[in-house]
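Input: a single structure, listed below in structure tokens.
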Amino acid sequence: MTITDLHCDHCDRFVSAPDAGVRFVYHPGRAQFRDSSGLLCAPCWDELEQWLGQDRPLRQCAVCREQVTREQSLHVHRVDDAQAWRLCGRHTVEFLNGLRTVEPKLDSATFRFPAQE
Ligand SMILES: [Zn+2]
Ligand SMILES: [Zn+2]
């Protein structure tokens with residue numbers, strides 16, 4: 001994916017300058033599913049970071065602390081900071097459904113990480 005859309009992926013606000021927003025990457029533990037085109041405006045990133053919390057535990061969902069494995073979690077990090085937060089399936093769906101570019105929206109009842117197939 002190329003970065004052409006300079007609008008916040010959550011609230012659709014135009015991100016006018018590089019430091020007015022945060023670029024982020026997410027993938028389910030596998031490089032081929034990596035999406036590095038994420039962009040949030042600064043207020044939405046702050047909100048996301050509050051939701052994720054300060055800690056980035058290796059084998060736990062950042063939100064609910066459920067145990068997760070590398071390929072059974074979504075890894076989310078800033079482009080300029082490789083240390084990732086992990087999300088369990090339920091919170092992956094919540095996170096992805098909050099992004100404008102994720103269409104169609106995911107259903108937590110049927111969502112599976114690709115490594116499960
Ligand atoms: Zn925003
Ligand atoms: Zn969770």
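First listed ligand is number 1; within each ligand, the first listed atom is number 1.
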(request) Mind listing the protein N/O/S atoms less than 2.8 Å away from the Zn ion (ligand 1)? Waters don't count. (result)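 Listed by chain and number, the atoms are C8 SG, C11 SG, C41 SG, C44 SG.
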
(request) Test L87 against every option in C61, S73, P28 by the side-chain contact (heavy atoms from CB on, under 4.5 Å) rule and name the one that passes. (result)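 Answer after filtering C61, S73, P28: C61.
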
(message) Can you give me the closest heavy-atom contact between V102 and K105, atom names plus distance?
(response)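 Closest heavy-atom pair between V102 and K105: O-NZ, 2.9 Å.
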
(request) Take L39 and V22 through the side-chain contact (heavy atoms from CB on, under 4.5 Å) test and state the conclusion after the steps. (result) CA-CA 6 Å; L39 175 67; V22 173; 6.0 Å; no

(message) To check your reading of the site, what angle at the Zn ion (ligand 2) do SG of C88 and SG of C64 form, to 10°?
(response)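 The two atoms subtend 110° at the Zn ion (ligand 2).
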
(request) Give the ring-plane orientation class for F95 versus F24, where under 30° counts as parallel, over 60° as perpendicular and anything between as tilted. (result)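 Taking F24 first and then F95, their aromatic rings stand perpendicular (interplane angle over 60°).
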
(message) Can you pull out every side chain to side chain donor-acceptor pair (under 3.5 Å) where at least one residue sits in residues 51-67? Sequence neighbours excluded, please.
(response)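 Checked against side chain to side chain donor-acceptor pair (under 3.5 Å) - neighbours excluded - the pairs reaching residues 51-67 are R56-D81.
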
(request) Look only at the side chain of N97 and the backbone of L106, and say whether a donor-acceptor pair between them is shorter than 3.5 Å. (result)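 Yes; at least one donor-acceptor contact below 3.5 Å.
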
(request) Give the name of the N/O/S atom in H91 that lies closest to the Zn ion (ligand 2). (result)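 Output for this pair reads ND1.
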
(request) Flag the pair F14 / H7 as yes when their ring centroid distance falls below 6.0 Å, and as no otherwise. (result)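 Centroid distance F14-H7: below 6.0 Å, so yes.
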
